[in-house]
Amino acid sequence: MSDTPLAPSPAPLSSAPVPPAPAPPAPLLSGPVLSAPLLSAPLLSARIIDWFASSGRALPWREPGFPAWGILVSEFMLQQTPVARVIPRLAEWLERWPTPGALASVPPGEAVRAWANLGYPRRALWLHAAAVTITERHDGVVPQGVDDLLALPGVGDYTARAVSVFAYGHRHPVVDTNTRRVIARAIDGNQEPAPPSNSRDLAAMDRLLPESVEDARVFNAGAMELGAIVCTARAPKCGECPIADACAWRLAGYPAYEGKRKAVQKKYEGSDRHVRGLIMAELRAAHVPVTRAEIDSLWPDAVQRERALAGLVADGLAVNAETGYVLP
DNA sequence: AACACGTGGCG
DNA sequence: TCGCCAAGTGT
C-alpha cells in the first residue's frame, strides 16, 4: 500500500497537515478571511451541542454526580497528559483520597508517588497543596468561584474556569487548546490559532457561548471535544464535523498556516528533563532514601546530574535526608 | 514573551 | 525512525 497512484500531489506548499480526507470543499470563498461565523452563534453552538450529545465520549468526569473534587483532580491530571493515560490514575486516586481532606492529611510525597508516570510531577505537589488550602480555607469543599480557584496553586485560567463550569455549572467561557483550534478554523479561517491570548480567546468564546447556563456548559465541553476527536491538530476529520459546512478554514480551501510557529519542543533525550525524570522515577520506586551512589549511577554527566538534582530539591520534589534523597 | 517542565503514543 | 502532540502553569 505504498503506491498511491491517485494522489493528486498538488505542490506541497508547506509541511502543514494535508487537508482532510474528503478533499477540498466545493465552493471556495474568494474574499478575505471572515471575521464572523457564517452560521449565527446560536446555530453553530446548537450544532456542537447536538453533536456532543450523540458523539461525545463517555468519560468518567462526565458521569452525573461526579464530585467537584474529582473534576479538580481530573483537570490537574489532564494538563498536558492525554485522556487515556489519566483515566486509570484518576480512579486510583479518588479511591484512595475521596476528598481534599484525605489528600491533605498525607505527606506531599505520597501524592507524587501516586502520580506515577503522568509526567510533570510538580502538578502532584500543587494538587496536594491545593487540597491543603481547600481543607484549611474552604471547609474542605472545592470552591466554586473562578477567583477562589485561581488562588489555588497549579490552577490557572483554564483549570479555574473548567472547574467552575464543569463541576458547578456556572456560566463562563472555557478555552483550552482544542477550543482555540476549533475557533481558529471554524471562525477565523486559519489552520492554527495565533499564540494564546487570554483576553482575546475568552472574548472569542464568549461571543459563541449560549445564554442558557446548561447550554453554555455543554457547549464549552462540546467545543473541547470537537477539537479533541474531530478537529484535531494533525488530520482533522472534516467528514465527521457537525459544522464543516460553515467552517471558514474549509470554505477558504484549507490555507496553510502563515503565522508564528510555536517553538519547537526541545529534544527530550539527554535533556535536563530527562535526567530529572530518571531521578524522580527512582525516588518514586524507593521506600528508603536513595543514596548518592544510586543517583550517580543514573546519569553519567555529573554537571547535568547535579543541576537536575538541585532543581528537584529547589522545586520541592526531592528532599536531602541523612542517608540520601527522599520524596517530600 | 519565551521557556522550562515528563512521558508516551501515533503517523 | 522521529518529530509532533497531549483538557497548562509558573516564572
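Here is the naming used below: chain letters follow the sequence lines, and residue numbers restart at 1 for every chain.
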Any donor-acceptor pair under 3.5 Å from Arg185(A) side chain to Gln191(A) backbone:
yes
Closer to the 5' end of DNA chain C via nearest nucleotide, is it Leu152(A) or Arg57(A)?
Arg57(A)
Would you find a donor on one side and an acceptor on the other, under 3.5 Å apart, between the side chain of Gln304(A) and the backbone of Gly270(A)?
yes
Pick base, sugar-phosphate or nothing for Leu312(A), based on heavy-atom distances below 4.0 Å to the nucleic acid.
nothing
Scan Trp115(A) against the nucleic acid and name what it touches under 4.0 Å (heavy atoms): base, sugar-phosphate only, or nothing.
nothing
Between dA7(C), dC5(B), dG6(B), which nucleotide gets closest to the side-chain atoms of Glu225(A)?
dA7(C)
For nucleotides dC5(C) and dC5(B), find the distance between their C1' atoms and express it as a whole number of Å.
16 Å
Please list, pair by pair, any protein nitrogen or oxygen found under 3.5 Å from a nitrogen or oxygen in nucleotides 8-11 of chain B.
| residue | atom | partner | partner atom | Å |
| --- | --- | --- | --- | --- |
| dG8(B) | OP1 | Asn117(A) | ND2 | 3.1 |

From the list dA6(C), dC4(C), dC3(B), which nucleotide is the closest neighbour of the side chain of Ala263(A)?
dC3(B)
Let me know, please, whether Arg123(A) or Lys260(A) comes out on the 5' side of the other along DNA chain B by nearest nucleotide.
Lys260(A)
Assert yes or no for the condition that the ring centre distance of Phe76(A) to Trp126(A) is strictly below 6.0 Å.
no
Can you sort out the partners of Arg305(A) under side-chain hydrogen bond (donor to acceptor under 3.5 Å, both in side chains), two or more places apart, ordered by chain and number?
Asp296(A)
Could you check whether Gly156(A) gets within reach of a base, just the sugar-phosphate, or nothing at all, counting any heavy atom under 4.0 Å?
sugar-phosphate
Quick one: Tyr120(A) OH to dG6(B) C1', roughly how many Å, whole number?
6 Å
Spell out, yes or no, whether Met224(A) and Val146(A) are grouped together once hydrophobic residues are joined by side-chain heavy atoms under 4.5 Å, including indirect joins.
no
Parallel, tilted or perpendicular: ring planes of His170(A) versus His172(A), cut at 30 and 60 degrees:
tilted
Membership question, hydrophobic clusters at under 4.5 Å side-chain separation (ILVMFWY): are Val83(A) and Ile71(A) in the same one?
yes
Determine the contact category for Val86(A): base if any of its heavy atoms lies under 4.0 Å from a base atom, sugar-phosphate if only primed atoms, P, OP1 or OP2 are that close, otherwise nothing.
nothing
Give the rounded distance in Å between these two atoms: NE2 of His128(A) and C1' of dT9(C).
19 Å
What is the nucleic acid contact for Val155(A), judged by heavy atoms within less than 4.0 Å: base, sugar-phosphate only, or nothing?
sugar-phosphate
Taking atom P of dG8(C) as reference, at what distance in whole Å does atom CG of Leu78(A) sit?
8 Å
Rounding to an integer number of Å, can you tell me how far Gln79(A) CD sits from dG6(B) P?
13 Å
Looking at every strand, decide which applies to Pro195(A) at a 4.0 Å heavy-atom threshold: base, sugar-phosphate, or nothing.
nothing
So, is Ser74(A) near the phosphate of dA7(C), with a side-chain N or O under 4.0 Å from OP1 or OP2?
no
Any chain of hydrophobic side-chain contacts (each under 4.5 Å) joining Leu208(A) to Val213(A)?
no
Expressed in whole Å, how much space separates the P atoms belonging to dG6(B) and dT1(C)?
26 Å
Indicate if Val275(A) and Leu327(A) have the same hydrophobic cluster label, given that clusters are the connected sets of ILVMFWY residues with side-chain heavy-atom separations under 4.5 angstrom.
yes
Does Arg47(A) form a side-chain contact (heavy atoms from CB on, under 4.5 Å) with Asp245(A)? I'd like the steps, not just the answer.
CA-CA 11 Å; Arg47(A) 293 256 199 101; Asp245(A) 63 340; 2.9 Å; yes
With sugar-phosphate meaning primed atoms plus P, OP1 and OP2, does Thr232(A) contact a base, only sugar-phosphate, or nothing at under 4.0 Å between heavy atoms?
nothing
Which is true for Asp157(A) with a 4.0 Å heavy-atom rule: it touches a base, it touches only sugar-phosphate, or it touches nothing?
sugar-phosphate
Within this structure, what is the CH2-to-P distance between Trp126(A) and dT11(C), rounded to whole angstrom?
7 Å
Could you identify which residues of residues 267-301 of chain A place a heavy atom less than 4.0 Å from some atom of DNA chain B, listed by residue number, or say none?
Tyr268(A), Asp272(A), Arg273(A), Arg276(A), Gly277(A), Arg284(A)
Answer yes or no: does a side-chain N or O of Lys266(A) lie under 4.0 Å from OP1 or OP2 of dC3(B)?
no
Look at all strands and tell whether Arg181(A) reaches a base, only sugar-phosphate, or nothing, counting heavy atoms closer than 4.0 Å.
sugar-phosphate
Between Arg89(A) (CZ) and dA7(C) (P), how many Å, whole number?
19 Å
Atom-pair distance (CG on Asn178(A); P on dC5(C)), nearest Å:
13 Å
Under 4.0 Å, heavy atoms only, any strand: does Pro196(A) hit a base, just the sugar-phosphate, or nothing?
nothing
Give the rounded distance in Å between these two atoms: CG of Leu72(A) and P of dG8(C).
15 Å
Please work out if Thr179(A) contacts a base, only the sugar-phosphate, or nothing of the nucleic acid, heavy-atom cut-off 4.0 Å.
nothing
Any link between Trp61(A) and Trp115(A) through a network of hydrophobic side chains (Ile, Leu, Val, Met, Phe, Trp, Tyr) touching at under 4.5 Å?
yes
Work out how far the P atom of dG8(B) is from that of dT9(C), and round it to whole angstrom.
23 Å
Could you give the distance separating dA1(B) and dA6(C) at their C1' atoms, to the nearest angstrom?
22 Å
Arg123(A) (side chain) donor-acceptor with Met77(A) (main chain) under 3.5 angstrom:
yes
